[in-house]
Amino acid sequence: MSLVKNNSVTTNVRRLLRQNHVKQRELAAGIHMPEQTLSNKMHGARPFTIRDLSRIADYFDVSLDYLTGRSDFVKPLEV
């Protein structure tokens, strides 16, 4: 499984938590991850996996490109 370690991911997850008034423990429960594991990933002690990112993107209904800092658009552009 691919691993992603990126400060922009943490920044964007924190922004989404704040904007949606969601606590980190609620996100952890929503993506079926122990709170401590999510905390470790948010603090850079452990890297995010692609599966983690996919679950977080689904939880907040945003694109993976937005979550990873590759795009400023929350949703993919329609063609």
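The first residue of the sequence shown is numbered 1, and numbering continues consecutively from there.
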Partners passing side chain to side chain donor-acceptor pair (under 3.5 Å) against R25 (at least two apart in sequence or in another chain): none
Quick check for you: to the nearest 0.5 Å, what is the distance between I56 atom CD1 and F48 atom CZ?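 Answer rounded to 0.5 Å: 5.0 Å.
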Look up atom OH in Y59 and atom OG in S54, then write down how far apart they are to the nearest 0.5 Å.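 OG of S54 is found 15.0 Å from OH of Y59.
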If you look at every heavy atom in L53 and L67, which pair is closest and at what distance? O-CD2, 3.4 Å
If you look only at distance, which donor and acceptor atoms sit under 3.5 Å apart when one is on a side chain in residues 29-45 and the other is two or more places apart or in another chain?
| from | atom 1 | to | atom 2 | distance (Å) |
| --- | --- | --- | --- | --- |
| Q36 | NE2 | N40 | OD1 | 3.1 |
| S39 | OG | H43 | ND1 | 3.4 |
| N40 | ND2 | Q36 | O | 3.4 |
| K41 | NZ | P47 | O | 3.2 |
| K41 | NZ | D52 | OD2 | 2.4 |
| H43 | ND1 | S39 | O | 2.8 |

side-chain hydrogen bond (donor to acceptor under 3.5 Å, both in side chains): which pairs involve residues 15-24, sequence neighbours left out?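 Listed once each, the pairs are N12-R15.
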Using a 3.5 Å distance criterion without hydrogens, assess whether the side chain of S71 forms a donor-acceptor pair with backbone atoms of D65. no
More than 12 heavy atoms from other groups under 6.0 Å of CZ on R14: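 Atom CZ in R14 is crowded, with more than 12 foreign heavy atoms closer than 6.0 Å.
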